[in-house]
Amino acid sequence: MSSGLRESWWIGDVEVPTRVVLAPMAGVSVQAFRRQGRRFGAGLVCSEMVSCAGIEHRNERTLGYLRVSSDEHPLAIQIFGSEPQAMAEAARMVEAAGADIVDMNFGCPVRKVTKTGAGANLLEDVSLACRITETVAAAVSVPVTVKMRRGVGDGSRACLELGPRLVESGAAALTLHPRSAKQMYTGWADHSLTAELVSLVDVPVIASGDVTSRVKAEAVLDATGAAAVMVGRGAQGNPWALAEIVGDAEAAQPSREEVAAELIHFVRETVRELGEQRANGFLKKFYGWYLGHGRFPKPFKQELVQLKTTDEVVTRLLAAAPGAAEIVERLEADVPESELLLEGMPISIYGGG
Ligand SMILES: Cc1cc2nc3c(=O)[nH]c(=O)nc-3n(C[C@H](O)[C@H](O)[C@H](O)COP(=O)(O)O)c2cc1C
C-alpha cells in the first residue's frame, strides 16, 4: 500500500505529522479528547464547532472552547456562522487563542444552525460562502479551511461546485463528509465524490466518513487521492483505533487496565475542564463507548452511569481494574498546564484549569 499514513503533509505552512485527523464533534471534542487523539497518533485535532455569535458576545461557555494547551498542536478550532464580518472577528479570536488553523463549518445539518443561514445552508449559497471565506482568510494569518457535506438534498453534488470556488476565495484545505445534510448519519459516505473533489482542487482534501480501521483508511486514501482521512465516531471512547490506523497493530487490543486507565484519566481531565457538574452529565455517554467492544460486561456500564459523582466512577473503575492506577499516574505526570492566551477574559474561565 502506498498510503503512508505516518507521513507528514502540509496545510499552508502548518505541518501535520500523520495522515489521520481527529474529527470535530459537538458534545465530544473537549480538550481531553483532542489531547488523547494527538497522543494516539492523530496528526491534527479539531475543536467542536464554536458559535461565532457566542464569541462575538463573549459568552463565557463559548470562550471556554478557545482554551488551547501545548500538547494539542497542531490544532484547528472550528467556527460556524453566516455573517462574514462576525466570522472574521471570531477567526481573529481563534488565532489569538493559539489555534494553528481556523476551520469553518459549512456542513452542519442541524436545524438550529441551518435556520440562521450557517452550516449546511452555505453549501447552497455559493456567493455568501465565498464572501465568508474571503473575509475570514483576509482577517488572519493562519490557514483557513472549510469542512463540507456533499450538499443539502440526497444525491446533491453541490460540494463539487462550491469546493473549487472556496479555494479561489482562500481556503487552504477542504474536508468533505460526502453525505447529504438530509441523510444526517444514515447510509454511507460516498467517497467517489471525495475523489472528484480531489481532482478539482490543488489544496489538500481530507476525507471524512466511515473510516474506522487501517484497512478502511488505506482504501479511502488509495481510492480518492485525499491527503488524509478524518476519524470521528470510530474514535469515540476508542483512541486505540487511531493507533491502529497509523500502524500500531498491537494497540488495537488494549488490556482492561489500559482501558480503565484511559477512561479515568479522561474523566479527571474533563472534570478539570468543565467542572464536576457539567462533566458528570457529559461523561455518561463515554462510559458505554469505552467499556463496550467486549472489554467489560454490560451491567458494569449500567452501574457506572448510575453513580452520582465522577469520584465514585473512578473508585469503581479502580476496583474493577486495580492495575490501572499505575498507568493513570504515568498519564497524569505528562499533562501540561492548559493556557488561555486571550487577554481580558472573565477570570472564572481560568477556573477549570
Ligand atoms: C456527535 C457528533 C458531533 C459532530 N459535530 C460536528 C461538528 O461540531 N462539526 C463538524 O464539522 N462535524 C461534526 N460532526 C461530523 C463529524 O466531524 C464527521 O464528519 C462525521 O461524523 C463522519 O465521520 P465518521 O463516520 O468518522 O464519524 C459530528 C459528528 C458526530 C457523530
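One-based numbering, in listed order, for ligands and for the atoms of each.
- The side-chain hydrogen bond (donor to acceptor under 3.5 Å, both in side chains) check on Thr309 picks up Glu312, with sequence neighbours excluded.
- With 3.5 Å as the limit, one finds no donor-acceptor pair spanning the side chains of Gln78 and Glu48.
- Near ligand 1, heavy-atom contacts under 4.0 Å come from Ala23, Pro24, Met25, Ala26, Met49, Gln78, Asn105, Lys147, His177, Tyr185, Ser208, Gly209, Asp210, Val231, Gly232, Arg233.
- Applying the side-chain contact (heavy atoms from CB on, under 4.5 Å) criterion to Glu196, with sequence neighbours excluded, gives Arg157, Leu160.
- Ion pair Glu72/Arg34 flagged as a salt bridge, since at least one NZ, NE, NH1 or NH2 atom sits closer than 4.0 Å to an Asp/Glu carboxylate oxygen.
- Arg38 has no carboxylate O lying under 4.0 Å from a charged side-chain N of Asp71, or vice versa, which leaves the two without a salt bridge.
- The stretch residues 95-106 participates, sequence neighbours left out, in no salt bridge (Lys or Arg N to Asp or Glu O under 4.0 Å) pair at all.
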